[in-house]
Amino acid sequence: MTTLDIPVDSSFGIDNLPYGVFSTAVTGPRIGVRVGDSVVDLAATLGDDVFARPSLNAFMAQGRERWVEVRRQITELVQGDVDAAAVFAVDEVTLHLPVDVADYVDFYASENHATNLGRLFRPDSEPLMPNWKYLPVGYHGRSSTVIVSGTDVIRPCGQRKTPDQDAPDFGPSRRLDIEAEMGFLVGVPTKLGETITPDQFAEYVFGAVVVNDWSARDIQAWEYVPLGPFLGKSFATSISPWVVPLPALEAARIDTPTQDPQPLPYLRGEEKWGLDIDLSVEWNGHVVSRPPYAQMYWSPAQMLAHTTINGAAASTGDLFASGTISGPEKNQRGAFIELTWGGKEPVEVGAETRTFLEDGDEIVISATAPGPHGSRIGFGDVRGRILPAVLTGGRQ
Ligand SMILES: O=C(O)/C=C/C(=O)CC(=O)CC(=O)O
Ligand SMILES: [Ca+2]
Ligand SMILES: [Mg+2]
């Protein structure tokens, strides 16, 4: 038996208790909870096979009563004696994608980001489209390309057309970018035809992760009219390995900014689901931006309500992301296309300057939120490094 060492200033203290999927030299992928710098094997300590699986899906499908009960058991467990054979140092385990992602939907919920991108992509129109303040604009992404933090990202190839070219050519993206976002994971599914109200959010949603939605701006700018993003965004979306359960975010809940015009009734709720989460974006080890989630116009509860209002079923493992998080200040922008204003204003990255990503660059996005009694709730990192493009069969 052993007792867990939980540093007092850890953002993985007993108020957090995020879930992940880990393996070691001797055990295959299974579910663990992070406490301080340790990972506790839940199948071994709680004796329930639902945790001996390589994804959180079966547990997430069990619903809120069960999530609350397990959190209570873990809170008790980690403050007492724990079987030493079930405890691992976090830097000695391999972390895996924590969920089998069902559908992946990405929104566009930051007013600052949407305004900036509108100006950059459509300089001759109003930056916000007329629908933007009436509904959380989103699109369906590609779940098979959701990857866990630490997975390298191969620079995508595609059609590129600069304004001075008459026709597109094919080759590696030259405007490879990031999008700093938060993502939310659905636990409890619905049936086709059912809807979820904003105030039912916590009955369906299990927890949250940090997201980097890699984006190829040159491919995107050429392909997106009129149906929206496609290959420019479907090659890789990275998520952090720790899923922070919703109850750990209780102290972070705030009102969204004032929504004017008032949203339609199906997008209204009594509960506050704005979230006071602070992100940071590191480029090759240098912090270049600190996006504030607190500024997001649409809440995740409104995004889920909107996703299901037509009767579309929600599935266990659905991931819906907030869209790029940008605050009003330049150093709060969550995408490099905004930070460098379309590549025209390079940023300092240590001793170098950058506009878009170069091969070998590494991005680390992390996030924390206020916890109870002055503690911090950590999400950990979402990390990714760019590998050179793989050109296919001379057809480039
Ligand atoms: O306004 C556009 O045409 C493009 C918008 C985006 O690229 C944003 C997007 O994919 C959603 C987001 O992450 O905010
Ligand atoms: Ca995005
Ligand atoms: Mg993507």
Side-chain angles (χ1 to χ4, degrees), residues 101 103-133 135-143 145-147 153 156 158 161 163 173 175-184 208-240 277 279 281 289 291-293 295-300 302-303 306-307 318-328 332-343 356-357 363 365 367 382 384:
V101 180
D103 278 310
Y104 165 45
V105 175
D106 193 18
F107 284 90
Y108 193 34
S110 159
E111 184 171 0
N112 292 295
H113 172 71
T115 305
N116 286 335
L117 278 240
R119 290 201 176 112
L120 287 161
F121 276 121
R122 296 171 289 278
D124 302 326
S125 324
E126 277 295 308
L128 288 187
M129 291 288 174
N131 59 3
W132 199 90
K133 290 205 165 175
L135 53 85
V137 169
Y139 71 97
H140 282 270
R142 190 166 185 85
S143 52
T145 62
V146 177
I147 53 182
V153 173
K161 188 184 144 336
S173 170
R175 287 162 76 88
L176 187 55
D177 197 355
I178 65 152
E179 291 187 327
E181 311 192 14
M182 293 301 300
F184 301 87
V209 290
V210 187
V211 175
N212 184 351
D213 189 25
W214 306 90
S215 298
R217 299 300 180 189
D218 39 4
I219 298 171
Q220 176 185 356
W222 168 237
E223 75 177 355
Y224 87 103
V225 184
L227 290 186
F230 192 43
L231 303 178
K233 283 172 180 281
S234 64
F235 58 95
T237 298
S238 303
I239 66 170
S240 54
I277 301 172
L279 287 85
V281 178
S289 176
Y293 195 86
Q295 306 266 344
M296 296 298 267
Y297 190 88
W298 294 105
S299 77
Q302 290 175 309
M303 296 180 217
H306 187 65
T307 304
D318 279 358
L319 168 66
F320 63 104
S322 59
T324 309
I325 303 158
S326 292
Q332 295 179 320
R333 295 177 185 166
F336 300 149
I337 190 172
E338 291 172 84
L339 198 61
T340 67
W341 208 252
F356 292 97
L357 290 159
I363 299 297
I365 306 176
V382 57

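All ligand and atom numbering here is 1-based and tracks the order in the structure. Keep in mind that the numbers below use all heavy atoms, side chains included, and drop hydrogens, waters and symmetry copies. Note that the coordinates shown come from a computational prediction; the quantities given were computed from them, not determined experimentally.
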task = Give a rough value, rounded to 10 degrees, for the angle at the Ca ion (ligand 2) between atoms OE1 of Glu179 and OD2 of Asp213.
result = 90°
Nearest-neighbour protein heavy atom for atom 1 (O) of ligand 1, which is reported as residue plus atom name and distance = Tyr108 OH, 2.5 Å
remark   = Atoms of ligand 1 under 4.0 Å from any heavy atom of Glu181, numbered from 1 in the order shown, are 13 (O)
query = Counting each atom of ligand 1 from 1 as listed, which ones have a heavy atom of His113 under 4.0 Å away?
reply = 8 (C), 12 (C), 14 (O)
Nearest-neighbour protein heavy atom for atom 7 (O) of ligand 1, which is reported as residue plus atom name and distance = Gln220 NE2, 2.6 Å
inquiry  = Which residue and atom name correspond to the protein heavy atom nearest atom 9 (C) of ligand 1, and how close is it?
reply    = Lys233 NZ, 3.5 Å
task = Determine whether Phe121 and Ile337 make a side-chain contact, defined as any pair of heavy atoms from C-beta on separated by less than 4.5 Å.
result = yes
task = Looking only at protein heavy atoms, identify the closest one to atom 11 (C) of ligand 1 and say how far it is in Å.
result = Phe107 O, 3.1 Å
request  = Check ligand 1 against Gly323 and write out every atom of the ligand that is under 4.0 Å from a heavy-atom position of the residue.
outcome  = 12 (C), 13 (O), 14 (O)
query = Less than 4.5 Å apart, any side-chain heavy atom of Leu176 and any of Pro156?
reply = yes
key: Ion pair check, Glu338 and Arg119, cut-off under 4.0 Å   = no
task = Starting from atom 14 (O) of ligand 1, locate the nearest protein heavy atom and write down its residue, its atom name and how far away it is, to 0.1 Å.
result = Thr324 N, 3.0 Å
request  = Below 4.0 angstrom from a heavy atom of Leu117, which ligand 1 atoms are there? Numbered from 1 as shown, please.
outcome  = 4 (C), 5 (C), 6 (C), 7 (O)
inquiry  = Before we go on, tell me: are the rings of Phe184 and Phe320 under 6.0 Å apart, centre to centre?
reply    = yes
request  = Run the contact test for Asp106 against ligand 1 with a 4.0 Å cut-off on heavy atoms, strictly below, and give the result.
outcome  = yes
Subset of ligand 1 atoms that lie under 4.0 Å from at least one heavy atom of Tyr224 = 3 (O)
query = Please state the angle at the Ca ion (ligand 2) spanned by OE2 of Glu181 and OD2 of Asp106: what is it, rounded to 10 degrees?
reply = 100°
request  = Applying side chain to side chain contact (heavy atoms under 4.5 Å, CB included), run through Trp214 and Ile178 and close with a yes or a no.
outcome  = CA-CA 5 Å; Trp214 306 90; Ile178 65 152; 3.8 Å; yes
ask   = Does any N/O atom on Arg217 come nearer than 3.5 Å to any N/O atom on ligand 1?
value = yes
task = Please report which non-hydrogen protein atom sits nearest to atom 3 (O) of ligand 1, along with the residue it belongs to and the distance in Å to one decimal place.
result = Arg122 NH1, 2.9 Å
inquiry  = Under the criterion side chain to side chain contact (heavy atoms under 4.5 Å, CB included), I'd like the reasoning laid out for Tyr104 against Thr145: C-alpha separation, chi angles, the key distance, then a yes or no.
reply    = CA-CA 10 Å; Tyr104 165 45; Thr145 62; 6.0 Å; no
ask   = Distance-only, no hydrogens or angles: does the Ser215 side chain make a donor-acceptor pair with backbone N or O of Asp213 under 3.5 Å?
value = yes
Within 6.0 angstrom of Tyr224 OH, more than 12 heavy atoms from elsewhere = yes
task = Run the numbers for me: atoms of ligand 1, each under 4.0 Å from some heavy atom of Tyr139, listed by number.
result = 10 (O)
ask   = Do the side chain of Ser289 and the main chain of Arg333 share a donor and acceptor less than 3.5 angstrom apart?
value = yes
key: Residue pair Val146, Ile239: steps toward the side chain to side chain contact (heavy atoms under 4.5 Å, CB included) verdict   = CA-CA 7 Å; Val146 177; Ile239 66 170; 3.9 Å; yes
